[in-house]
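Step one of this worksheet: look at the structure below.
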Amino acid sequence: MRVPAAVIDAIGGLLPPLLGTLDRVEWVQRHLYPPLAGQLAEELAPRSDLVADPLRALEGVDCPDDLRFMRERLVDVSRRTLDLVTAFVDASRSPGDPIALYRALRRFAPLQEALYPLAPVFEPVSRWFLEPARRHDDDLVARLSAAPLREDGVQVGVLHGKNERDHRGGFSLYVPEWSDGQATMPLIVALHGGHGHGRDFLWSWLREARSRGALVLSPTSRDRTWSLMSREDVDAEPLREMVAFVSERYAVDRARILLTGMSDGATYTFLCGLRDDMPFTHLAPACGVLHPLLLDGRLARARDLPIYLIHGALDWMFPVQATRMSLEFLRAAGARLVYREIADLSHTYPRDENPRILDWLMESSTPPA
């Protein structure tokens, strides 16, 4: 199909500032600390002008019907990006309301979901959905580019099981597109924070999984958050069933089933992951706390269990002092503990820690049962 030069030029003019703005959004999300909201907004606000002009150029170009889907998708993502920037800048003017800042940044995950179908079409988009250190890996990009031509029937890519954003209790799953269904892969089970959703939290891990060849299972809690306060744990059994469902259909490395989570998801990573009857071989909680129930003689499962614990020195929701105290309980229980206290991390997911977690996951293993 012959693509008009004007369309090529318009898309080529929009993609670099758009993807650069998304990088800046990710940087702001990683460094979000409410007292610094104004400074973060100053970093983000100028990106609007860089996107707006090439967006208008693409909106005004004549586009063949066969290319209209790609053009409309790219226009939609660009408009959403501008809306996100505007919402964050507006929220930064009321630093006493940190929830508004987080609400603005929650638009980032649906935006990535909307952009991802363009990865097989536009190489810059495909490279953006890789770890930054691997964006220049031409062989990997070529493998991903060839993946849509496969005819082996293996379901790959982003999949959802009853996990629309107005639904609870389902899951989202990412299977690397170049997976042949035979080679074993680690399974990352990633738990969202309170009032979050698995369909959104999936995007906190997709880039690393796509780069390295890992499965990501991102469930949604049955209630607004995980079973932390109720007498009955309504999430543990569904989690076990989800892991079994994925393991029956894909070649999961049973020695590397990682349970990780953010905030309430981190607290539930401890509570659920330290049960005797769960399949998880490694835990990586971020920005959560050790649940008090575990201090009542329920830390036996921690012996020899690899745990990668992350907390931010600037965490305003769960102050770091509580996690420092938890270290003593985990060490006394015999956990194989790695502790990362990050000086510039507040209460937000440290996505840049994912490569280190995966390195640790592949280097460490649990002893046979």
Quick one, L283 and L258 - any side-chain contact, counting heavy atoms below 4.5 Å? no
Indicate if L239 and V234 have the same hydrophobic cluster label, given that clusters are the connected sets of ILVMFWY residues with side-chain heavy-atom separations under 4.5 angstrom. no
Looking at E232, I want to see if its CD is surrounded by more than 12 non-hydrogen atoms of other residues, nucleotides or ligands under 6.0 Å. no
Is the shortest side-chain heavy-atom distance between M317 and D315 below 4.5 Å? yes
Flag, side chain of H291 to backbone of M229, donor-acceptor distance under 3.5 Å: no
For G13 and P54, the nearest pair of non-hydrogen atoms, with its separation, is O-CB, 3.5 Å
Is the shortest heavy-atom distance from the side chain of L215 to the side chain of S179 under 4.5 Å? no
Cluster question for you: counting only ILVMFWY and a side-chain heavy-atom cut-off of under 4.5 Å, with indirect links fine, are L327 and M325 together? no
Less than 4.0 Å between a side-chain N and a carboxylate O, is that true for R351 and E131? no
Is there a side-chain contact between T269 and V189 in this structure, where contact means two heavy atoms from C-beta onward sitting under 4.5 Å apart? no
Heavy-atom side-chain proximity of V216 to L173 below 4.5 angstrom: no
Would you call R71 and D76 a salt bridge, using N to O less than 4.0 angstrom? no
Listing, residues 97-107 side-chain donor-acceptor contacts under 3.5 Å, not counting sequence neighbours, or none:
{"from": "Y102", "atom 1": "OH", "to": "W316", "atom 2": "NE1", "distance (Å)": "3.3"}
{"from": "Y102", "atom 1": "OH", "to": "H347", "atom 2": "O", "distance (Å)": "2.7"}

Side-chain donor or acceptor of R199 paired with backbone N/O of F171 under 3.5 Å: no
Is the shortest distance from a Lys or Arg side-chain nitrogen in E59 or R79 to a carboxylate oxygen in the other one below 4.0 Å? yes
Which pair of heavy atoms, one from A335 and one from I307, lies closest together, and at what distance? CB-CD1, 3.8 Å
N163 side chain to G198 main-chain N or O, any donor-acceptor pair under 3.5 Å? no
CG on D253 to CG on L361, rounded to 0.5 Å: 8.0 Å
In Å and rounded to the nearest 0.5 Å, what is the CD1 to OG distance from I188 to S204? 11.5 Å
Heavy-atom pair of closest approach, residues A183 and A251: O-CB, 3.6 Å
D235 side chain vs S227 backbone, donor-acceptor pair below 3.5 Å: yes
Should L314 and L345 be marked as a side-chain contact (heavy atoms from CB on, under 4.5 Å) after you check the CA-CA gap, both sets of side-chain angles, and the distance that decides it? CA-CA 6 Å; L314 301 178; L345 180 65; over 6 Å; no
Ignoring hydrogens and angles, tell me if any N or O in the side chain of S326 forms a donor-acceptor pair with the backbone of A322 under 3.5 Å. yes
Working to the nearest 0.5 angstrom, can you tell me the gap between L18 CG and L74 CG? 6.0 Å
Taking atom CD as the centre, does Q155 end up with more than 12 heavy-atom neighbours from other residues, nucleotides or ligands that are less than 6.0 angstrom away? no
Has the side chain of R168 got a donor or acceptor atom that lies under 3.5 Å from a matching backbone atom of D223? yes
Is it the case that R210 and S126 place a side-chain donor and acceptor less than 3.5 Å from each other? yes
Apply the ring pair (Phe, Tyr, Trp, His ring centres under 6.0 Å) test between W203 and each candidate in Y349, Y116, F108; give the one that qualifies. Y116
Would you say S92's side chain and V89's backbone share a donor-acceptor pair under 3.5 angstrom? yes
H311 side chain to F318 main-chain N or O, any donor-acceptor pair under 3.5 Å? yes
Rounded to the nearest 0.5 Å, what's the gap from OG on S172 to NE2 on H197? Could you check? 7.0 Å
Hey, is D23 close enough to R135 for a salt bridge, meaning N to O under 4.0 Å? yes
Nearest non-hydrogen partners of V125 and L19, listed with the distance: N-CD1, 4.1 Å
Could you tell me whether D65 and R68 have a side-chain N and a carboxylate O separated by less than 4.0 Å? yes
Checking one residue: L50. Which other hydrophobic residues are in its cluster under the side-chain 4.5 Å linking rule? none
Does D264 form a side-chain contact (heavy atoms from CB on, under 4.5 Å) with H192? I'd like the steps, not just the answer. CA-CA 7 Å; D264 279 8; H192 61 77; over 6 Å; no
How about Q29 and T348: do any of their side-chain heavy atoms sit closer than 4.5 Å? yes
Calculate, to the nearest 0.5 Å, the distance between atoms CG and CD belonging to L290 and E328 respectively. 12.0 Å
Taking the ring centre of each residue, are Y308 and Y339 less than 6.0 Å apart? no
Determine whether R298 and L274 make a side-chain contact, defined as any pair of heavy atoms from C-beta on separated by less than 4.5 Å. no
Test side-chain contact (heavy atoms from CB on, under 4.5 Å) on D90 and R93 and set out the steps. CA-CA 6 Å; D90 289 345; R93 299 189 178 103; 2.7 Å; yes
Give the ring-plane orientation class for W226 versus Y268, where under 30° counts as parallel, over 60° as perpendicular and anything between as tilted. parallel
How about I11 and F122: do any of their side-chain heavy atoms sit closer than 4.5 Å? yes
Cationic N near anionic O, under 4.0 Å, D233 to R275: yes
Using the rule given for side-chain contact (heavy atoms from CB on, under 4.5 Å), can you reason through L82 versus V51, listing the C-alpha separation, both sets of side-chain angles and the distance that settles it, and then say yes or no? CA-CA 8 Å; L82 294 177; V51 174; 3.9 Å; yes
Decide yes or no on salt bridge (charged side-chain N to carboxylate O under 4.0 Å, His left out) for E237 and R222, but give the supporting numbers first. CA-CA 11 Å; E237 185 58 31; R222 297 174 71 84; over 6 Å; no
For residues T281 and R256, is any side-chain donor paired with an opposing acceptor at under 3.5 Å? no
What are the two closest heavy atoms between C63 and V7, and how far apart are they? CA-CG2, 4.3 Å
Between R134 and E208, is a salt bridge (charged side-chain N to carboxylate O under 4.0 Å, His left out) present by the stated rule, with each step listed? CA-CA 9 Å; R134 303 193 179 207; E208 291 74 23; over 6 Å; no
Verify salt bridge (charged side-chain N to carboxylate O under 4.0 Å, His left out) between R127 and D137, making sure each step is shown before the conclusion. CA-CA 9 Å; R127 291 183 187 271; D137 187 336; over 6 Å; no
I'd like to know if E341 and R324 make a salt bridge, using a cut-off of under 4.0 Å between side-chain N and carboxylate O. yes
Is it the case that R24 places NZ or CZ above or below the six-membered ring of W27, under 6.0 angstrom from the centre and within 45 degrees of the axis? yes
Assess whether atom CZ of F329 is packed by more than 12 heavy atoms of other residues, nucleotides or ligands within 6.0 Å. no
Shared-cluster residues of L130, by chain and number - hydrophobic side chains joined below 4.5 Å: L140, V141, L144, W178
Answer yes if V3 and V61 sit in the same cluster of Ile, Leu, Val, Met, Phe, Trp and Tyr residues linked by side chain heavy atoms under 4.5 Å apart, and no otherwise. yes
Which heavy-atom pair separates R30 from D352 by the least distance, and what is that distance? NE-OD1, 3.1 Å
Looking at D277, I'd like to know if its CG atom is crowded, meaning that more than 12 non-hydrogen atoms belonging to other residues, nucleotides or ligands lie closer than 6.0 Å. yes
